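For clarity, every value in this text was computed on a predicted model and none was experimentally measured. Order of the sequence lines fixes the chain letters, A, B, ..., with proteins taken first and strands second; residue numbering starts at 1 for each chain.
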2 protein chains.
Amino acid sequence: MMQISSQDFLLRNDKLPERAKDSKPLILIVEDEEAIVTLLDYNLRSAGYDTIVARDGEEAVDLALTMAPNAILLDWMLPLRSGLEVCRHLRRFPETNDVPIIMLTARSEEQDKLRGLDMGADDYLTKPFSPQELLARLRAVLRRAQPARLKEILVFADIRMDQGSHRVTRGETLIELAPTEFRLLRHFMQFPGRVFSREQLLDTVWGREKEVEPRTVDVHIRRLRKALNGKADSDVIRTVREVGYSLDQP
Amino acid sequence: MMQISSQDFLLRNDKLPERAKDSKPLILIVEDEEAIVTLLDYNLRSAGYDTIVARDGEEAVDLALTMAPNAILLDWMLPLRSGLEVCRHLRRFPETNDVPIIMLTARSEEQDKLRGLDMGADDYLTKPFSPQELLARLRAVLRRAQPARLKEILVFADIRMDQGSHRVTRGETLIELAPTEFRLLRHFMQFPGRVFSREQLLDTVWGREKEVEPRTVDVHIRRLRKALNGKADSDVIRTVREVGYSLDQP
DNA sequence: CAGCGCCGTAACATAATCGTAACATTTACG
DNA sequence: CGTAAATGTTACGATTATGTTACGGCGCTG
């Protein structure tokens with residue numbers, strides 16, 4: 001079916017995994033003072049990181065979105081958009097929501113620090129700082145950064161959920177889901193095979209603000225089943241009597 | 001429920017395989033005439049490109065999505081799906097939205113050319129052509145290649161936005177947009193298919209200097225829809241309840 | 001300064017979704 | 001088999017989110 005020369009195919013399959021897995025962490029430096037950029041860049045590269053540099057706030061957002069860095073060093077004072085603004089902005093988007101951000105600032109005022117952390121910064125570094133301190137804090141935030149990353153695309157059997165476009169397909173069919181059905185399915189797909197009680201589902205999918213009858217879950221399970229299965233009888237939701245429901249192979 | 005090919009979703013919003021920077025550019029040749037394939041293949045390889053070949057429209061879409069070529073040479077007349085269709089199709093998906101496409105055609109009629117460019121082709125080559133011309137144009141589009149979101153001309157389905165001249169067309173129709181509507185549409189076209197919350201849109205399209213009610217977004221969506229759709233009922237903006245809006249195929 | 005286009009908001013209209021109760025069916029178990 | 005408990009299914013009124021319209025204000029431009 002695919003017409004490609006064997007040479008190409010081998011080449012590509014050789015190269016692809018390499019970059020994905022054991023490449024160096026990429027650090028985005030957001031800083032307009034050339035001297036500091038040079039300093040940071042030199043230290044980070046010496047320590048085995050890859051770096052890219054943004055000179056202003058706009059560029060920072062651009063690069064953060066396109067290059068998917070593993071961490072961001074973000075200067076407080078910037079042209080076009082302040083570091084604070086950039087930080088808040090990045091935190092609004094799923095792609096960058098969980099990238100660790102270390103704020104750099106000339107002042108060490110408590111208030112600024114708190115504001116920075118409020119906006120979603122992970123750590124805080126006061127100029128002047130030693131390269132050792134920088135690297136230590138960087139290692140720390142990178143270490144902590146593991147579990148946050150929710151997958152953008154969830155797959156279970158022939159069901160695909162794309163959280164970016166907010167679409168669900170089963171095989172080749174596009175599935176339309178109401179909001180609660182979507183959240184319910186997402187929760188199941190985040191923990192495939194695991195059984196959840198009605199109470200647990202109410203907690204996680206509904207939230208604990210309003211009291212809802214446990215039996216209401218049944219109704220939404222029914223709606224989700226109907227939407228997912230169409231007319232075929234391949235039910236991916238398993239009822240575990242006395243316990244709850246799980247996403248499971250038919 | 002609509003039917004979509006599984007290939008469409010295979011890589012949707014996933015990261016495409018990233019090739020090492022110093023590898024040769026990969027060119028996808030879409031052409032059913034063997035003689036021309038041979039010619040193109042020989043010339044491209046001599047000039048230092050890697051090539052893969054698709055013999056029909058279906059295969060073209062498949063390979064474009066799975067192999068992430070750096071550019072596509074696309075014949076106008078094809079089995080299964082016309083080059084025009086393939087072009088439009090590829091432009092609908094984020095992964096292939098920004099791959100440069102050069103259309104190949106036997107005829108040099110102005111009208112075809114315009115239609116091709118409307119569908120999102122980057123350039124146009126009339127058979128017979130000299131290898132020199134081919135390579136020159138290829139170099140040109142590769143040089144210009146940029147992520148969709150930084151492109152000067154954005155294309156989604158039959159909508160074209162030229163940021164240089166600040167013009168928007170849908171099919172043959174010129175669309176007049178107020179400034180906010182323009183920025184809103186631009187943002188959607190920079191991230192086709194992606195859902196944005198009202199808050200995110202206020203951040204990116206409005207900017208956060210002044211506080212604006214989230215519901216104001218609805219009104220501008222309405223105005224944009226009205227301007228784009230005319231009287232036809234082909235709405236390219238999808239409402240995702242409780243979440244936001246996205247640019248999407250009708 | 002009058003007219004025009006654009007914007008943000010509130011108010012009202014419409015549509016989608018939700019939660020619940022009531023009834024139907026299945027299951028477990030003696 | 002027969003019964004009780006658990007789950008499946010359905011229909012419907014209430015609620016909420018979104019669609020739509022109209023209006024006043026503001027900044028330009030002629």
Interatomic distance where [atom1] belongs to [X] and [atom2] belongs to [N] [whole Å]:
| X | N | atom1 | atom2 | answer |
| --- | --- | --- | --- | --- |
| Glu209(A) | dT16(D) | CD | C1' | 15 Å |
| Ile237(B) | dG19(D) | CD1 | C1' | 13 Å |
| Glu176(B) | dC4(C) | CD | C1' | 15 Å |
| Glu199(B) | dA17(D) | CD | P | 13 Å |
| Lys226(B) | dG5(C) | NZ | P | 14 Å |
| Arg222(B) | dG8(C) | CZ | C1' | 16 Å |
| Leu201(B) | dG8(C) | CG | C1' | 16 Å |

May I have all residue pairs that pass salt bridge (Lys or Arg N to Asp or Glu O under 4.0 Å) and include part of residues 175-191 of chain B, sequence neighbours excluded?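 Every candidate salt bridge (Lys or Arg N to Asp or Glu O under 4.0 Å) pair involving residues 175-191 of chain B fails, so no pair, neighbours aside, qualifies.
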
Within the structure shown, what part of the strands sits under 4.0 Å from Tyr245(A) by heavy-atom distance: base, sugar-phosphate, or nothing?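 Answer is sugar-phosphate: Tyr245(A) comes under 4.0 Å of backbone atoms only.
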
Could you tell me whether a side-chain N or O of Arg225(A) sits under 3.5 Å from a main-chain N or O of Ile237(A), the two making a donor and an acceptor?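 Yes, Arg225(A) side chain to Ile237(A) backbone: donor-acceptor pair under 3.5 Å.
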
Nearest heavy atom decides the nucleotide; on that basis, is Asp218(A) or Val240(B) closer to the 5' end of DNA chain D? Asp218(A)

Stepwise, does the salt bridge (charged side-chain N to carboxylate O under 4.0 Å, His left out) test hold for Asp162(A) with Arg167(A)? CA-CA 5 Å; Asp162(A) 182 332; Arg167(A) 293 191 120 157; over 6 Å; no

Please find out if less than 6.0 Å separates the ring center of Tyr245(B) from that of Phe188(B). no

Report yes if the distance between the aromatic ring centroids of His220(A) and Trp206(A) is under 6.0 Å, otherwise no.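 Yes; Trp206(A) has its ring centre under 6.0 Å from that of His220(A).
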
Just N and O in the side chain of Thr239(A): are any of them under 4.0 Å from OP1 or OP2 of dA6(D)?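 Negative; the distance criterion is not met.
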
Does dG19(D) have OP1 or OP2 under 4.0 Å away from a side-chain N or O of Arg225(B)? yes

Partners of Phe182(A) by ring-ring contact (aromatic ring centres under 6.0 Å, His included), sequence neighbours excluded?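 If we apply the ring-ring contact (aromatic ring centres under 6.0 Å, His included) test to Phe182(A), skipping adjacent residues, the hits are His166(A).
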
State plainly whether the residues Arg170(B) and Asp158(B) are in salt-bridge range, i.e. N to O under 4.0 Å. yes

Between protein and nucleic acid, restricted to nucleotides 14-24 of chain C and to nitrogen or oxygen atoms under 3.5 Å apart, what atom pairs and distances do you find?
residue, atom, partner, partner atom, Å
dC18(C), OP1, Thr180(A), N, 2.7
dC18(C), OP1, Thr180(A), OG1, 2.1
dC18(C), O5', Thr180(A), OG1, 3.4
dG19(C), OP1, Trp206(A), NE1, 3.1
dG19(C), OP2, Trp206(A), NE1, 3.1
dG19(C), OP2, His220(A), NE2, 2.8
dG19(C), O6, Arg223(A), NH2, 2.6
dT20(C), OP2, Glu213(A), N, 2.8
dT20(C), OP2, Thr216(A), OG1, 2.8

